[in-house]
Amino acid sequence: PSDTGRVLSIQSHTVQGYVGNKSAVFPLQLLGFDVDPINSVQFSNHTGYPKFRGQVLNGDQLWDLIEGLGENDLLHYTHLLTGYIGSVSFLNTVLQVVEKLRSVNPDLIYVCDPVLGDEGKLYVPQELISVYQQKVVPVASMLTPNQFEVELLTGLRITCEQDGLKACNILHSAGPRKVIITSALIQDKLLLIGSYKKTEEPPEQFKIEIPKIPAYFTGTGDLTTALLLGWSNKYPDNLEKAAELAVSSLQALLRRTVEDYKRAGFDPSTSSLEIRLIQSQDEIKSPQVTCNAVKY
Ligand code: ATP
Ligand code: PLP
Ligand code: MG
Ligand code: NA
Ligand code: MG
């Protein structure tokens, strides 16, 4: 048994580059977790490149792996982490996995990044939205949507901070005690908005303003959710602290990424950057808090 926990992480794998499990597994290991990855897809590289190839795991194949673990009594997990899921059938199998893991450990924490799209663009089939709304959100312990995903899940347009808080309340009433809008562009500011419904009292809500770097990254959403899982396990009653640590370590990593690209003679604002994950291990293990939470 590990001190911190054992995470089952069902996410994409890319041979080269850092998205999905490639972006989540290493940081969680650095934070002391045993991490068991199931690769929902195996692609040559992420889908932002001009081309990609590879294989997609289907729901039956996922269930096969779970049964294999179960036959050896290896389904003792403290956390389940899921990211991009491309089909209704796979998502339904993930729901079966949640149920199965909770039958072994009723205290299982399910951290769900409800990946639907970004900046107004949907990148999953439309039918997934209602499955997330009706079946997935209700069983999640922590939800980490971005602005567009919150809008799709709640039907609320987020144009000001109050809209964001209201959307978090709607999501709490559907299930998860911890909701983090991982990025929202509101009145020209990049914000993370967090909401923790500890008790039956109104939730504790806060924001962190994130200095916007003029570059486009992939894998940062997946990394954010992994870091939030890691730090909120260390600080289970302090979501603000967990978010400050996650955001601060991410900012240090992104600054390093941009610096490294510049040093190599690239203009970081012109293409999607691969994050410098391995090189940033110190900032992941022991981040300095540079981004502070502000309570509402
Ligand atoms: P997901 O894609 O998982 O649904 P998301 O859209 O919030 O979530 P990102 O847009 O990658 O994912 O943002 C996640 C985090 O990455 C933000 O909270 C921020 O800390 C950091 N980040 C991403 N891009 C930038 C940027 N250009 N400048 C500063 N921080 C950034
Ligand atoms: N998974 C795969 C296979 C991808 O191609 C991408 C982005 O291109 C992602 C996940 C998303 O990464 P993130 O939302 O963390 O930027
Ligand atoms: Mg985004
Ligand atoms: Na997110
Ligand atoms: Mg994303």
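Whatever order the structure lists ligands and atoms in, that order sets their numbers, starting from 1.
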Need the ligand 1 atom indices (1-based, order shown) with element for anything under 4.0 Å from a heavy-atom of [X].
X	value
Thr182	5 (P), 7 (O), 8 (O), 17 (C), 18 (O)
Phe217	24 (N), 25 (C), 26 (C), 27 (N)
Pro211	28 (N), 29 (C)
Asp118	6 (O), 10 (O)
Thr224	14 (C), 15 (C), 16 (O)
Ala215	27 (N)

Any N/O/S of Glu119 under 2.8 Å from the Mg ion (ligand 3)?
->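 Coordinating: no.
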Answer yes or no: does an N/O atom from [X] fall short of 3.5 Å to an N/O atom of ligand 2?
X	answer
Thr47	yes
Val41	no
Val19	no
Asp222	yes
Ser12	yes

Select one of side chain, backbone, both or neither to describe which atoms of Pro214 lie under 4.0 Å from any atom of ligand 1, heavy atoms only.
->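 The answer is neither.
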Pair Thr14-His46, side-chain donor/acceptor within less than 3.5 Å |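 Per modelled atom types, Thr14 and His46 side chains form no pair under 3.5 Å.
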Determine the interplanar angle of the Phe33 and His79 rings, folded into 0 to 90°, and report it as parallel if under 30°, tilted if 30 to 60°, perpendicular if over 60°.
->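 Aromatic pair Phe33/His79 classed perpendicular.
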Main-chain N/O of Cys160 paired with Asp163 side-chain donor or acceptor, under 3.5 Å =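 Side chain of Asp163 to backbone of Cys160: a pair is present.
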Any N or O on [X] sitting closer than 3.5 Å to an N or O of ligand 1?
X	result
Leu250	no
Glu149	yes
Thr144	no

Per-atom contacts of ligand 2 with Thr218, taking only distances under 4.0 Å to non-hydrogen atoms |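 Heavy-atom distances to Thr218 below 4.0 Å select 16 (O).
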With Thr182, which of Leu143, Val150, Ile193, Asn146 fulfils side-chain contact (heavy atoms from CB on, under 4.5 Å)?
->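 With Thr182 as partner, Leu143, Val150, Ile193, Asn146 yield a single side-chain contact (heavy atoms from CB on, under 4.5 Å), made by Asn146.
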